[in-house]
Amino acid sequence: MQQEEEAELMLEQGGIPISQLCNSSVNIDLLQCPICFNILWKPIACGQDRCFSSFCQYCIESWLNQKNAQSTFEEEEETFANESNCPKCKRVFIKTEIPLVKVLLSQIELKCIHSNCTQVIPYADYENHIVNCKERKKQCRGCQQYILQNKLEEHEAQCSQIPVECQKCHKRMPKCDLESKHDKYNCIENLFKVQDQQLENLYTQYLICDDMVNYYEEKIARMMKGDLIALTEYNFFTIFTANYQFTTDNLYIARLVRNSYNYNKQKNDFLHFYVDYYFTTGLEGYEWKCRVIRLRGNLLIGVCSSQLSNSVDFIVNRLGEVKKKEENDNRYHIIRKVNFTFGEGDVIRFQILPFMQCLRITNETRHLTFCFNRNELQEMGDQYFSFFSLEYQGDALQFL
Ligand SMILES: [Zn+2]
Ligand SMILES: [Zn+2]
Ligand SMILES: [Zn+2]
Ligand SMILES: [Zn+2]
Ligand SMILES: [Zn+2]
């Protein structure tokens, strides 16, 4: 490859090597440059009488320039070296042209300098051919390989090393870098975009957090004030009992109508029902009330982990006995005795206090208070139900 470049350079900077000559019918002596010893290229002759030596244009011009440059240092030596002298006759160089040389040159034919080209070219067409020769190779601006010049455009179009400019940040780089990693990882514009996106996401998160903070602040303020959500509408739910009555014309009355034998429980029927609302151990506080309308038998007031028979239950009865039922047990076992009783006509208030994490039950009529405490509520998991169990025919509760 370099050979090719050298050959082209020779054409710009001197003559054509004798080895390129094809027909030898012409006397080559007249056509050789006395400076580069190649075949004259764009010849210029010395016009001095009896000299008429021809040189390549480039050779003679460089020689003369060199002489001029030297003379500025060598200050008027007695020789003629300070003048622009002919290298042959040493006299002042007078530029001329010799028609005979031109005629002779026009008769020679030359081999192309490009390695695979077999064409023989008349001297006059030589430069034109060299530049346009199919076998001429040029260096790819990307991979630096030498490619046939008529294939170069196609090659550069797909050469992965070709330098390209990023349209966003205007940085130049090999095409393969732009495609593989620049856009994704290095382009400043994209990095900014990613940062912008992240900022936007953070801001969104911040807004969400801000909303949540407000929400919880309000809640905490409510809790601190002891503000509870009052239940005023009730839905009741039961699975065990056949003979019961829920009256719901604004008077939410739950009544066991008639005793019968409950085969499931292997005992006399009872009205076991839930306030159909599950309470979570979250931040909400609730309260509701009921009045004991009739109570000849016992009443169990309780909390349970589920509405199925294998739930964990805690209850308090009219004797102030706090009892617990394990998950896979049918019986209640006394765990403590408290100063809490109720009877017919009493109003009982229920309060779920999230701050204290307890269910406080107050007999407003008798001024007695009792709590299912945090540990007991936690044994039932994340949520629990409030339930009541009436055992005696005709006994009833009215929810207020
Ligand atoms: Zn020359
Ligand atoms: Zn001369
Ligand atoms: Zn050629
Ligand atoms: Zn290339
Ligand atoms: Zn970029």
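Atoms within a ligand are numbered from 1 in the order they appear, just like the ligands themselves.
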For this session: Determine, step by step, whether I16 and Y123 satisfy the side chain to side chain contact (heavy atoms under 4.5 Å, CB included) criterion, reporting the C-alpha distance in whole Å, the side-chain angles of both residues, the deciding distance to 0.1 Å, and the verdict.
Result: CA-CA 10 Å; I16 303 158; Y123 182 90; 3.9 Å; yes

For this session: Just to the nearest 10 degrees, tell me the angle at the Zn ion (ligand 2) spanned by C51 SG and C46 SG.
Result: 110°

Problem set entry | C89 SG and C86 SG subtending at the Zn ion (ligand 2) (10° steps) | 100°

Exercise. Between SG of C169 and NE2 of H182, what angle is found at the Zn ion (ligand 5), rounded to 10 degrees?
Worked result: 100°

Exercise. Taking the inter-plane angle between the rings of F370 and F340 on a 0 to 90° scale, is it parallel (under 30°), tilted (30 to 60°) or perpendicular (over 60°)?
Worked result: tilted

Exercise. Closest heavy-atom contact between Y384 and V303?
Worked result: CD1-CG1, 4.1 Å

For this session: Indicate if the distance from the Zn ion (ligand 5) to the nearest N, O or S atom of C187 falls below 2.8 Å.
Result: yes

Exercise. Would the number of heavy atoms belonging to other residues, nucleotides or ligands and lying under 6.0 Å from NZ of K168 be above 12?
Worked result: yes

